[in-house]
Number of protein chains: 2
Amino acid sequence: MLVSIKDIAKKAGVSISTVSYALNGSPKVTKETSERIQAIAKELNYIPSAAARSLKKRETKIIGIYLTNYSGAFYGQLLQGMMETLSENGYELIVCSGKESHRFLPERMIDGAIILDATYETEELLSHAERGHKLVVMDRRMDHPNISQVLLDNKAGATLAIDHLAEKGHRKIYVVKGPEISFDARQRLAAVQKAVQRYSHIEYVELEGDFNKPSGEIAAKKIHQDFKEPVGVFCLNDEMAIGMYNYLSRTNLRVGEDVHIIGFDNIEVSQYIQPRLATINYSKHKWGALASELLLNLIKKKKPEHERINVSFVEGDSVKNR
Amino acid sequence: MLVSIKDIAKKAGVSISTVSYALNGSPKVTKETSERIQAIAKELNYIPSAAARSLKKRETKIIGIYLTNYSGAFYGQLLQGMMETLSENGYELIVCSGKESHRFLPERMIDGAIILDATYETEELLSHAERGHKLVVMDRRMDHPNISQVLLDNKAGATLAIDHLAEKGHRKIYVVKGPEISFDARQRLAAVQKAVQRYSHIEYVELEGDFNKPSGEIAAKKIHQDFKEPVGVFCLNDEMAIGMYNYLSRTNLRVGEDVHIIGFDNIEVSQYIQPRLATINYSKHKWGALASELLLNLIKKKKPEHERINVSFVEGDSVKNR
DNA sequence: ATAATAAAGGAAAACGTTTACAGAAAGAGA
DNA sequence: TCTCTTTCTGTAAACGTTTTCCTTTATTAT
């Protein structure tokens with residue numbers, strides 16, 4: 001039923017090694033024999049076995065990206081960037097999410113992994129690296145000969161946001177935090193705390209958040225309850241900002257008049273909601289492409305690299321002068 | 001460097017088959033030997049080779065889902081539903097997107113595939129099925145002993161939408177179409193055409209669209225240009241509705257007053273935008289779970305099945321009485 | 001004519017498992 | 001004591017490739 005190179009060899013009257021060479025375009029076999037073998041392979045509908053090949057070659061030409069929150073609104077562009085870079089180099093990308101998918105790396109189902117999944121234990125990553133597996137982390141800092149990293153410039157982004165609110169004359173600033181587990185959230189928060197210190201006249205309040213829309217609504221509720229005069233709010237991601245929009249729309253407070261909001265990530269929908277959300281932008285495509293490039297370098301035995309993705313401020317109607 | 005069962009066997013003073021049996025919990029080997037072997041395996045940091053195992057067992061316990069548009073806003077819940085069902089049954093899920101990833105199925109990297117990717121040729125799918133591979137299609141109709149299908153009830157959804165607009169007294173209805181390649185788009189459109197025939201007094205206009213936000217903006221521009229009196233609009237998905245919101249906000253036309261909009265899909269953000277979008281809802285989670293279940297059944301040699309996912313109307317503030 | 005070289009292809013080992021089958025040891029029944 | 005089970009473990013083949021090292025044949029140089 002299942003056709004292997006053995007069947008081709010028999011039909012062509014050659015040995016299996018010749019078939020293998022022919023199918024791989026090796027110059028060791030005549031053009032004519034090669035073509036004859038190719039023809040027979042096609043005729044028999046031959047398809048190589050990935051398992052057999054990777055068992056022998058000790059590689060799969062597949063890269064895995066580890067994600068938790070598939071819902072995240074920017075994965076599309078991120079993955080696009082990765083796929084382009086990888087496929088130019090003969091690699092395929094698969095997205096791994098299930099808890100058991102962690103075994104893909106140690107079991108050598110994939111030749112390397114890109115990590116964007118805070119629930120993946122750093123210890124575990126380290127032990128993989130220790131065994132010689134190649135990794136790129138996008139969600140934490142790690143220093144190891146088999147690990148490269150490419151991180152967002154969260155510090156710059158958060159500082160940009162706070163400075164913008166201060167510039168617009170806001171004297172009370174809320175920040176809606178992210179989940180403790182997220183590296184980006186922690187970095188953004190730390191940068192915010194440092195930035196507000198430069199403005200001694202600013203009253204600064206932290207609100208809980210988990211990067212999802214409902215937590216933005218809850219934060220909005222707090223703000224509504226305390227409301228006395230116009231305030232600035234820095235939501236540590238756009239999702240929560242959207243939750244906040246929604247809650248406020250059911251109150252007498254107006255975004256861009258009473259509550260001035262800045263987000264982070266510039267997800268696609270942020271430029272479609274009303275008023276347009278001011279936010280921190282960065283190229284998701286580039287982030288993914290760079291991560292892939294560094295992984296490929298690592299696989300080619302190059303040195304690990306540490307890169308940073310620049311961010312920029314995106315003007316919006318959600319922040320005006322106080 | 002790389003430890004295999006051979007190394008364990010040597011260290012434990014048994015044969016490799018005993019190691020294999022022990023590691024797989026076969027009753028053929030004593031509890032003591034088994035435990036001793038397990039201990040040694042752990043000590044040596046043994047990890048099985050996925051390639052070797054799947055070469056021998058002719059299965060990988062991995063299912064692939066084929067997607068094009070990662071950006072799609074509902075993949076999170078869909079994949080969640082799939083992963084739950086699959087992992088309960090000892091399978092892992094990987095998301096495949098790259099053009100070359102098509103080979104995963106014929107090369108037996110995966111034990112089955114779920115298709116939600118209109119660019120995947122039906123011919124190609126058929127040839128896979130013909131070779132004995134198991135498939136579930138979510139984006140087309142196919143009849144084959146190795147293919148199950150689970151489709152949205154697009155017809156019911158589209159009818160619900162048109163009826164709602166008609167009930168609200170609208171006499172001019174626009175429909176913003178989807179891309180020709182999409183089965184869902186074609187089905188929805190066909191149902192719309194059939195539904196409007198029942199309302200002879202309704203003026204019906206079709207506008208181009210491709211399921212992305214910018215095409216919703218373009219459609220909105222047309223509507224704005226032609227505007228005379230309040231109209232109803234059925235956007236064949238929510239994304240385009242959001243694009244329409246955005247364009248209209250820059251005009252004098254108001255959603256829910258001048259332009260009454262219904263979407264399709266009920267993506268998460270639709271309930272967060274203002275005014276809340278009326279739309280057609282269905283359980284993404286269930287859709288994914290069911291598709292996985294049917295695939296598992298197929299793998300267990302059960303008969304192919306054809307299922308349908310029910311849809312329902314979601315009230316919103318984007319549609320009011322004319 | 002002979003030896004040296006090149007060209008084309010083949011034999012076999014290896015990759016790391018699983019598993020059918022065979023074998024050995026030990027206990028039980030006669 | 002002998003045979004028959006039962007219980008454990010070992011041998012070896014198989015999965016489908018790739019690749020190293022040979023062998024054969026043809027070609028060229030001497």
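We use all heavy atoms of the structure for the numbers below, so side chains are in, but hydrogens, waters and symmetry mates are not. The model shown is predicted, which means the values in this text are computed figures rather than measured ones. Below, chain A is the first sequence line, B the second, and so on; all start at residue 1.
Closest of all the heavy-atom pairs between B:Asp139 and B:Leu116 is OD2-C, 3.7 Å.
Whole-Å rounding puts the A:Leu55 CG to D:dT17 P distance at 12 Å. Rounded to an integer number of Å, the gap from A:Glu59 CD to C:dC15 C1' is 13 Å. In this structure, NZ of B:Lys28 is placed 12 Å from P of C:dA22, rounded to the nearest angstrom. Going from atom OH of A:Tyr46 over to atom C1' of D:dT17 covers 7 Å, rounded to whole Å. Atom NZ of B:Lys6 and atom P of D:dA12 are 14 Å apart (whole Å). Rounded to a whole Å, the NZ atom of A:Lys31 is 14 Å from the P atom of C:dG9. Whole-Å rounding puts the A:Lys56 NZ to C:dA12 P distance at 16 Å. As a whole-Å value, the separation of B:Leu2 CG from C:dC15 P is 10 Å.
Looking at heavy-atom distances under 4.0 Å, B:Thr30 makes contact with sugar-phosphate atoms alone, never a base. Residue contacts shown for B:Ile47 are limited to sugar-phosphate atoms, with no base heavy atom under 4.0 Å away. Across all strands shown, A:Ser4 has heavy atoms under 4.0 Å from sugar-phosphate atoms exclusively, and none from any base.
Proximity of A:Ser49 to the phosphate of D:dT17: no side-chain N or O atom is located under 4.0 Å from OP1 or OP2. The phosphate of C:dT18 has neither OP1 nor OP2 within less than 4.0 Å of any side-chain N or O from B:Arg58. Using a 4.0 Å cut-off, no side-chain N or O of B:Arg53 falls inside it from OP1 or OP2 of C:dG16. In this structure, B:Ser15 reaches the D:dG10 phosphate: one of its side-chain N or O atoms is under 4.0 Å from OP1 or OP2.
A distance-only check finds no donor-acceptor pair linking the side chain of B:Glu307 to the backbone of B:Val150 [under 3.5 Å]. With A:Arg186 contributing its side chain and A:Gly178 its backbone, the two residues share no donor-acceptor pair below 3.5 Å.
Nearest-nucleotide positions on DNA chain D for B:Lys57 and B:Ile16 put B:Ile16 closer to the 5' end. Take the nearest nucleotide of DNA chain D for A:Ala52 and for B:Ser34: the residue whose nucleotide is more 5' is B:Ser34.
Checked by distance alone, A:Ser54 brings no side-chain donor or acceptor within 3.5 Å of a matching partner on the base of D:dT17. Judged by atom type and distance alone, B:Ser17 reaches the base of D:dG10 through a side-chain donor-acceptor pair under 3.5 Å. If you check distances only, the side chain of A:Tyr21 does reach the base of D:dT20 with a donor-acceptor pair under 3.5 Å.
Each of D:dG16, D:dT18, C:dG9 was ranked by its minimum atom distance to the side chain of A:Ser20; first place goes to D:dT18.
A:Asp153 and A:Asn310 form no side-chain donor-acceptor contact under 3.5 Å, judged by distance and modelled atom types alone. If you check the side chains of B:Thr18 and B:Ser15, you find a donor sitting under 3.5 Å from an acceptor.
Classification of B:Lys11 and B:Glu43 as a salt-bridged pair holds, one side-chain N sitting under 4.0 Å from a carboxylate O.
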